Amino acid sequence: DKLELPSNLSGDFSSKNIQDAFVDMVTRVAGEYEPDYFILNVEANTYKNFNPIDYQAFRTTYERAYNAVKSDNSKTKVGVSLVYSDYDSKDCIDAGDIARFKSFAADFTKIDIFAVSTYPMCYIIPSKIPDNFLANIAQISPQPLFISETGWVSKGIILIGSKSNQAKFIQALARSANYAEDNGQDVEAVNYVGLIDPSKEVCDAITTIYPSLSWYCNLSLIDSEGKDKPAFTELKLLNN
């Protein structure tokens with residue numbers, strides 16, 4: 001199934017028809033698949049500066065959708081994911097970035113999980129990621145932390161991208177998750193964003209159409225030929 005609006009509709013969340021279609025769509029999908037987790041919008045806070053008026057309309061619509069999904073599927077944990085990053089591109093993730101993220105988190109309180117998307121490559125090398133990285137995020141919400149997306153490139157970004165750094169990032173995630181749990185923070189899950197790199201054809205298309213996203217071509221744990229990267233080996237060792 002696809003999460004798509006009916007072909008006869010267009011517009012944004014200021015439209016009552018769009019709002020109703022969105023609520024109907026997510027309710028139908030939740031009823032059909034009965035997921036354990038359901039993120040109703042991905043990286044929603046990136047929309048706030050782009051269209052603040054429609055962002056507010058989405059917030060209202062989200063609460064309607066949350067209520068509708070929960071009324072039919074009370075066991076499904078519902079949320080909306082937010083990007084946690086170095087917003088001002090200086091000093092990596094500092095106090096100013098954390099304060100800004102807290103303001104985003106305050107926009108969505110009707111949640112069962114605190115879903116967060118984060119790619120902390122501003123630290124340059126994984127060993128600089130502090131052990132309390134996830135704990136600092138988790139303490140912002142009373143709901144369990146759910147890292148909906150994270151990852152590290154295995155090549156393609158100077159100094160940052162390497163297979164060794166990607167494997168060390170897996171280790172850093174494990175240390176940080178253990179630190180959070182040891183300090184009373186509830187980490188529900190940490191989801192690495194991709195398993196297998198896209199094919200050359202798909203990667204060429206990404207590079208041509210969205211050159212700023214070309215790093216995605218080397219983000220997964222297995223290369224496009226099906227060979228395990230050291231990071232995937234590290235992940236398997238952690239799970240044994």
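Basis for what follows: all heavy atoms, side chains included, without hydrogens, waters or symmetry-related copies. Note that this is a predicted model, so its numbers are computed, not measured.
The disulfide (SG to SG under 2.5 Å) analysis of residues 154-187, with sequence neighbours excluded, yields no pairs. Within the structure, ring-ring contact (aromatic ring centres under 6.0 Å, His included) contacts touching residues 206-238 (residues at least two apart or in different chains) are Y119-W215.
Remark: R64 engages D20 in a salt bridge (Lys or Arg N to Asp or Glu O under 4.0 Å) (not counting sequence neighbours). The ring pair (Phe, Tyr, Trp, His ring centres under 6.0 Å) search around Y87 returns F104, not counting sequence neighbours. Legend: residues meeting ring pair (Phe, Tyr, Trp, His ring centres under 6.0 Å) with Y66, ordered by chain and number and at least two apart, are absent.
Within a 6.0 Å sphere centred on NZ of K70, heavy atoms belonging to other residues, nucleotides or ligands number more than 12.
In this structure, F58 has its ring center at least 6.0 angstrom away from the ring center of Y47.
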*Passes salt bridge (charged side-chain N to carboxylate O under 4.0 Å, His left out), K200 versus D204? Steps please.*
CA-CA 6 Å; K200 183 180 183 304; D204 287 346; 2.8 Å; yes
*When you look at D107 and Y55, which way does the side chain to side chain donor-acceptor pair (under 3.5 Å) test go after all the steps?*
CA-CA 10 Å; D107 287 340; Y55 175 82; 2.8 Å; yes
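Between F13 and F22, the angle of the ring planes goes over 60°, which puts this pair in the perpendicular group of the 30/60° scheme.
Residues S220 and L195 form no side-chain contact, since every pair of their non-hydrogen atoms from C-beta on lies 4.5 Å or further apart. By the 4.5 Å heavy-atom criterion applied to side chains, T150 and F169 are counted as neighbours.
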Which donor-acceptor pairs under 3.5 Å do the side chains of residues 125-144 make with protein atoms, sequence neighbours left out?
from: N136; atom 1: ND2; to: N132; atom 2: O; distance (Å): 3.4
from: S141; atom 1: OG; to: Q143; atom 2: N; distance (Å): 3.1

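A distance of 9.5 Å separates CD1 of I18 from CE of M25, quoted to the nearest 0.5 Å.
Contact check on D88 versus R100 returns no salt bridge, with no Lys/Arg side-chain nitrogen under 4.0 Å from an Asp/Glu carboxylate oxygen.
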